[in-house]
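Below, read A as the first sequence line, B as the second, and so on, with proteins coming before strands; counting in each chain starts at 1. Model, not experiment: these values are computed from the prediction.
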There are 2 protein chains.
Amino acid sequence: MAFNQHGYSNVSMQKLAETMGLSPGNLTYHFRKKEDLMIALYDLFREEMSLVIPPPDQNTPDSFKLDYQIKSFYKLQQRFLFFYLDLLEIERAYPVIAEQHYVHIQNQIKSLETGLNYNISRGIIEDKDSGTIQHLAQQIWITAVFWPRQARVRGLEDSLDDMRQTIWRQILPYLTVKGAKEVNEILNLESTQQLTL
Amino acid sequence: MAFNQHGYSNVSMQKLAETMGLSPGNLTYHFRKKEDLMIALYDLFREEMSLVIPPPDQNTPDSFKLDYQIKSFYKLQQRFLFFYLDLLEIERAYPVIAEQHYVHIQNQIKSLETGLNYNISRGIIEDKDSGTIQHLAQQIWITAVFWPRQARVRGLEDSLDDMRQTIWRQILPYLTVKGAKEVNEILNLESTQQLTL
DNA sequence: GTCTATAGAGTGATAGAC
DNA sequence: GTCTATCACTCTATAGAC
């Protein structure tokens with residue numbers, strides 16, 4: 001997608017039509033305003049994302065599933081990269097999307113909290129003090145959501161493996177002995193780099 | 001500044017001239033291209049930032065000074081907010097700035113690493129495993145740099161206190177007993193919220 | 001539905017009078 | 001130096017032929 005490569009605001013309806021092999025008039029026939037196109041894309045994004053990150057009350061992943069969620073999230077993030085790179089611009093331009101997305105983000109973080117709490121009950125994570133889980137969920141969300149942007153801003157490639165390592169490293173201090181063993185097995189299973197525990 | 005409020009790309013040279021009480025022609029007389037204006041602003045930003053975050057080999061802050069650096073950084077960040085909110089756009093538009101900024105970011109993270117290592121030698125931070133410091137420095141950098149953006153993207157106000165809490169919470173698991181005591185004193189000294197250790 | 005053509009507004013940048 | 005006026009371009013969106 002052209003948006004992902006050049007940034008949302010650098011791709012006009014005309015250029016987009018051109019890369020899609022359509023005439024400008026044809027594209028604006030299906031999406032009368034650019035906003036209509038963006039909303040349609042956003043709805044599609046939200047639909048696919050709901051398959052990757054379950055609703056807050058249904059997220060009960062073991063470590064393996066959490067790792068799988070990270071990978072699935074990254075894959076979808078790459079598909080709708082422009083939403084992650086240019087989100088603030090898009091929210092500024094289309095308040096309708098902004099309002100929806102505020103709620104979406106809240107649910108994403110809530111879902112992460114549920115997953116972490118489930119792993120406390122599994123004896124994988126240790127709840128050292130009040131607020132740990134909320135802090136950890138927010139931290140993981142920030143890392144995952146801004147990963148592609150921080151890489152580009154630094155002039156680096158963004159890689160799934162680096163993102164995974166960074167996320168797991170944040171969970172690391174809160175793992176129980178049992179949890180550390182479980183997580184290390186998962187990371188060694190598929191990653192060439194070993195995370196020293 | 002108009003850039004900070006409405007976003008870099010939503011403020012044209014004409015609008016900017018208007019808010020400054022200048023004619024469009026006068027503004028483009030002093031800055032022939034918009035790029036010239038951006039580079040001048042970037043140079044000013046870099047100059048002021050060098051006073052807040054010292055060079056990598058000179059950063060030896062105790063916890064109190066680190067907390068002070070966080071506050072000073074936030075203040076400067078608010079002053080040049082558009083660089084932090086719209087950095088990717090600006091880098092895409094002006095590769096000259098991008099190249100300089102890549103190096104700048106590397107130095108910022110290096111400077112953080114130096115500071116953390118110094119606090120290991122002070123017995124404040126515990127280096128649990130190899131890579132901890134690099135990970136922590138990167139994590140703090142991401143949090144600090146993307147804090148205003150993550151707040152806006154979520155529809156929240158961005159607050160210094162929330163950013164401070166989040167950064168210190170990331171350091172928390174790596175503090176020694178002595179370190180925990182020192183940090184808690186600093187945070188209780190000035191913050192209404194208490195960070196439970 | 002799909003096309004070409006174009007309206008209408010906004011942009012960065014320049015020209016030339018004072 | 002500072003101004004007004006304007007060029008050349010790009011953008012979103014529309015009109016109307018086929």
Side-chain angles (χ1 to χ4, degrees), chain A residues 1-46 80-101 152-153, chain B residues 1-46 80-101 152-153:
Chain A
M1 174 138 39
F3 282 146
N4 291 343
Q5 209 165 352
H6 304 102
Y8 145 73
S9 57
N10 294 320
V11 179
S12 65
M13 292 292 267
Q14 299 180 20
K15 278 185 198 161
L16 186 62
E18 196 181 341
T19 62
M20 292 172 71
L22 296 176
S23 69
N26 194 355
L27 183 60
T28 54
Y29 169 79
H30 288 95
F31 302 98
R32 283 200 51 185
K33 311 172 81 177
K34 195 177 184 179
E35 182 172 9
D36 295 340
L37 171 63
M38 296 308 293
I39 289 175
L41 283 171
Y42 182 72
D43 289 343
L44 179 63
F45 159 70
R46 284 290 300 278
F80 292 95
L81 196 56
F82 69 101
F83 274 125
Y84 289 89
L85 295 179
D86 307 323
L87 182 56
L88 185 59
E89 284 180 85
I90 294 172
E91 285 192 359
R92 282 199 276 229
Y94 311 115
V96 188
I97 293 179
E99 291 300 327
Q100 284 185 59
H101 204 62
R152 270 160 190 78
V153 156
Chain B
M1 174 142 36
F3 283 146
N4 290 344
Q5 208 165 353
H6 304 103
Y8 145 73
S9 57
N10 295 320
V11 180
S12 65
M13 292 292 268
Q14 298 180 22
K15 279 185 198 163
L16 186 64
E18 197 180 339
T19 63
M20 291 172 69
L22 295 176
S23 69
N26 193 355
L27 183 59
T28 54
Y29 170 79
H30 287 95
F31 302 99
R32 283 200 51 185
K33 311 173 82 175
K34 195 176 186 180
E35 182 172 7
D36 294 341
L37 171 62
M38 296 308 293
I39 289 175
L41 283 171
Y42 181 72
D43 288 343
L44 179 62
F45 159 70
R46 284 289 303 277
F80 292 95
L81 196 55
F82 69 100
F83 273 126
Y84 288 89
L85 296 179
D86 308 321
L87 181 56
L88 185 59
E89 285 179 84
I90 294 172
E91 283 192 2
R92 282 199 276 229
Y94 312 115
V96 188
I97 292 179
E99 291 299 328
Q100 283 184 61
H101 204 62
R152 271 160 189 78
V153 156

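In this structure, B:Y8 places its OH atom 12 Å from P of C:dT11, rounding to the nearest Å. If you measure from atom NE2 of B:H30 to atom P of D:dC3, you get 10 Å, rounded to the nearest angstrom. One interatomic measurement links the two molecules: CD of B:E18 to C1' of D:dC3, which rounds to 15 Å at whole-angstrom precision. Atoms CD (A:Q14) and P (C:dA5) sit 13 Å apart, rounded to a whole Å. As a whole-Å value, the separation of A:M13 CE from D:dT14 P is 10 Å. Rounded to whole Å, atom P of D:dC11 lies 9 Å from atom CG of A:N10. Summarising the geometry, the separation between CG on B:L37 and C1' on C:dA13 is reported as 14 Å, rounded to the nearest angstrom. Between the CG atom of A:L27 and the P atom of C:dG1 there is a distance of 15 Å, given to the nearest Å.
Residue whose closest nucleotide on DNA chain D sits further toward the 5' end, between A:S9 and A:G25: A:S9. Between B:Y29 and A:L22, the residue anchored closer to the 5' end of DNA chain C is A:L22, taking for each the nucleotide with the nearest heavy atom.
Within 6.0 Å of atom CD in B:E35, more than 12 heavy atoms from other residues, nucleotides or ligands are found, so the atom counts as buried in its surroundings.
With ring centers used as reference points, B:F82 lies 6.0 Å or more from B:F45.
When the nucleotides C:dC3, D:dT4, D:dT2 are ranked by their closest atom to the side chain of B:P24, D:dT4 comes out on top. Proximity note for B:K33 (side chain, C-beta onward) versus D:dC3, C:dA13, D:dT12: the nearest is C:dA13. For A:K34, the listed nucleotide lying nearest its side chain is D:dT12; candidates were C:dA13, C:dT4, D:dT12.
Using a distance-only test at 3.5 Å, with no hydrogens or angles considered, a donor-acceptor pair links the side chain of B:N10 to the main chain of B:H6.
A sub-4.0 Å separation between OP1 or OP2 of D:dT14 and a side-chain N or O of A:R32 is present. The shortest distance between the side-chain N/O atoms of A:N26 and the OP1/OP2 oxygens of C:dC3 is below 4.0 Å. Considering only side-chain N and O atoms, B:K15 lies under 4.0 angstrom from the phosphate OP1 or OP2 of C:dT11. Dashed line: the shortest gap from a side-chain N or O of B:S12 to OP1 or OP2 of C:dG10 is not under 4.0 Å.
Between A:I90 and A:F83, the closest side-chain pair of non-hydrogen atoms falls below 4.5 Å.
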Exercise. Stepwise, does the side-chain contact (heavy atoms from CB on, under 4.5 Å) test hold for B:Y8 with B:K34?
Worked result: CA-CA 11 Å; B:Y8 145 73; B:K34 195 176 186 180; 3.8 Å; yes
